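First comes the structure, then the notes that go with it.
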Amino acid sequence: MSRAGCQGCHGRRTMARTGSRIDQVPARVKAEIAQRESEAERLIGWIQLAMVLFFAALYSLAPRAEGGGGFNFVPVALGAYFLFTVLRVALSYRMVLPFWYLVISIIVDVALLCGLIFSFHIQYDQPATFYLKAPTLMYLFLFISLRALRFEPRFVLITGLVGVLGWGALVVYAIVQGMGTMSITRNYVEYLTSNAILVGAELDKIIVVLGVTLCLSVALYRGRRMFFEAVRDHAAAEDLRRFFAPDVARSITAADEELTAGQGSLRDVAVMMIDIRGFTRIAAGLPPETVMMVLSRYQDAVLEVIARHGGEVDKFLGDGILATFGAARPRATAAADAVKAGLELPQVFAGLGPELADLGWPERLRAGAAIASGPVTVGVVGAAGRLEFTVIGDAVNRAAKLEDANKGQGSIVLTDRATFETALAQGVSGFQPEIRPAQVVSGLSEPLDLVVLA
């Protein structure tokens, strides 16, 4: 009668304490993480392509800066970078970009920026120290932050380090090229108004780039751990939806507080029990794969009916099925919904006969169902390491005994008068079932008025 296990709660707490490394997660979760990283890489490529187009448009429309008489490298650099970025985006849709290619891409990004900065002293016919004062270096932070979209700190670190090396090379070139014509100064005014170099200012730039890179890398390292945990939890939640009814899975994954044993509430619920006649005897003479295929097809067909009327499968009991209406989420028409589902089952059983025969089932499919309703306790039972969401009450026991009574009553679907009258009050109409008063049902202390639905 269990609904859902909550061991995932304990697993999440353990993972939070021990960290979330990629080698600690299942292969299917690794595959999902890899897929999301590939999607992030494509996003990075599209953003870079948008940046290139934006700067190209801005360069084309904006007035030219005065004083530039030398060769203009900007159109050539932007054109080459545009082609490289288009190739990168196209490849990202065809394959998972390898690490070495991503490193080359980072080098190209930084090389473009440094090349443009370097070209300033040629374009404006100034000493190399001239480009050290260009604000274009700030675009390096765009490339660093873009790499954070992938949630991999190593690429942020590589971008920051390559940027520092590139700027360091520009500083060294400026010093070497300017020997004899410029000076190294400590005067900030002289640094800003002449071709002198202030070493402290260049070190400040390097320190800021390294600081931003390290801070962002640490943040990404911590975020990556939570990212792995979130992906694993998402996969666990998806598994819950496969193993349990959506409302049950949602009640577990969306709980505001940690679920503990002893929580429960009283609800009016309809319970349905379904069973195949002679299943154990027949299955004993069949290959295991045939038995499992027959069970799978039978369960698919029955579950479709139950779900269509708002019910949830509580538990598979071999060939038996325990379903509830109004347990995971209260329903004002629980009994009516269960009766409507029960009325469809005989046609489902009859329709399955030829299919199951083709799968190897040697006899006509004989199955029965029973419905009971009433107040039951819906809640969590178990111990700290193993919890179950369950329903407990007279209606559960009554449904099981009524299903057994189908054999003696020669019926396919049974319910009791109280449940049937509740279903009538909730809107069921249009048929006149057979009522058998004061029937003795094995396992129940008092006779019941039985209603034969089919």
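Because only heavy atoms are used, hydrogens play no part in the values below, and waters and symmetry mates are left out as well, while side chains stay in. Position 1 is the first residue of the sequence, and the numbers go up from there. Remember, predicted model here, so these are calculated numbers, not experimental data.
No donor-acceptor pair under 3.5 Å is formed between the side chain of S38 and the backbone N or O of V96. In terms of modelled atom types and a separation under 3.5 Å, the side chain of S105 and the main chain of Y101 share no donor-acceptor contact. Panel note: side chain D319, backbone I276; a donor-acceptor pair is recorded below 3.5 Å. No donor-acceptor pair closer than 3.5 Å links the side chain of S296 to the backbone N or O of M292. The backbone N or O of F118 lies less than 3.5 Å from no partner atom in the side chain of Y173, so there is not a single donor-acceptor pair. Of the possible donor and acceptor atoms, none in the side chain of E202 sits under 3.5 Å from a partner among the backbone N and O of I197.
Proximity of L161 to T213: side-chain heavy atoms (C-beta onward) are nowhere separated by under 4.5 Å. A heavy-atom distance below 4.5 Å is found between the side chains of V86 and L49. Side chains of Y298 and I274 form a contact here, defined as non-hydrogen atoms less than 4.5 Å apart. For the pair K205/V209, no side-chain contact is recorded, criterion being any heavy-atom separation below 4.5 Å from C-beta on. In this structure, the side chains of F279 and L365 stay at 4.5 Å or more apart for every pair of heavy atoms. Between L112 and Y139 the shortest side-chain heavy-atom distance does not fall below 4.5 Å. The closest side-chain heavy-atom distance from V305 to H309 is below 4.5 Å. Under the 4.5 Å side-chain criterion, counting only non-hydrogen atoms from C-beta, I175 is not in contact with T129.
Remark: F130 CZ is packed, more than 12 non-hydrogen atoms of other residues, nucleotides or ligands lying under 6.0 Å away. For OH of Y221, the number of neighbouring non-hydrogen atoms (other residues, nucleotides, ligands) closer than 6.0 Å is 12 at most.
Ring geometry for W46 against Y93 counts as perpendicular: the plane angle is over 60°, on a 0 to 90° scale with 30° as the lower cut.
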Exercise. Apply side chain to side chain contact (heavy atoms under 4.5 Å, CB included) to R88 and L91, showing your working.
Key: CA-CA 5 Å; R88 183 173 171 277; L91 287 176; 5.9 Å; no
Self-check item: Worked verdict on F155 versus L220 for side chain to side chain contact (heavy atoms under 4.5 Å, CB included)
Solution: CA-CA 10 Å; F155 291 114; L220 277 179; over 6 Å; no
Quiz item: Passes salt bridge (Lys or Arg N to Asp or Glu O under 4.0 Å), R308 versus E304? Steps please.
Solution: CA-CA 6 Å; R308 186 163 60 247; E304 182 180 346; 3.7 Å; yes
Quiz item: When you look at F325 and V269, which way does the side chain to side chain contact (heavy atoms under 4.5 Å, CB included) test go after all the steps?
Solution: CA-CA 6 Å; F325 296 76; V269 170; 5.7 Å; no
Exercise. Take F99 and L102 through the test side chain to side chain contact (heavy atoms under 4.5 Å, CB included) and record every step on the way to the result.
Key: CA-CA 5 Å; F99 174 78; L102 297 177; 5.6 Å; no
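Remark: R147 engages D109 in a salt bridge, criterion side-chain N to carboxylate O under 4.0 Å.
One distance of note links CH2 of W361 with CD1 of I282; it measures 4.5 Å at 0.5 Å rounding. Note that CZ of R150 and CZ of R42 are 10.5 Å apart. Values are rounded to the nearest 0.5 Å. Here the CG atom belonging to L198 is positioned 8.0 Å from the CG atom belonging to D204, to the nearest 0.5 angstrom. T85 contributes atom OG1, which lies 10.0 Å from atom CG of L78 (distance to the nearest 0.5 angstrom). Interatomic distance, CG of D337 versus CD1 of I306, reported as 12.0 Å (0.5 Å rounding). Atom CD1 of I158 sits about 12.5 Å away from atom CD1 of I144, to the nearest 0.5 Å.
Residues A395 and S373 approach most closely at CB-C, 3.8 Å, considering heavy atoms. Of all the heavy atoms in L216 and S145, the pair that sits closest is CD2-CA, 4.1 Å. Smallest separation of non-hydrogen atoms from L286 and V291: CB-CG2, 3.9 Å. Minimum interatomic distance between T290 and L359 (heavy atoms only, all atoms of both residues): CG2-O, 3.3 Å. Nearest heavy-atom pair across A341 and M272 is CB-CE, 4.0 Å. When every heavy atom of V348 is checked against every heavy atom of A301, the shortest pair comes out as CG1-CB, 3.8 Å.
Checking I321, D314, L322 one by one against M273, the side-chain contact (heavy atoms from CB on, under 4.5 Å) holds for a single residue, L322.
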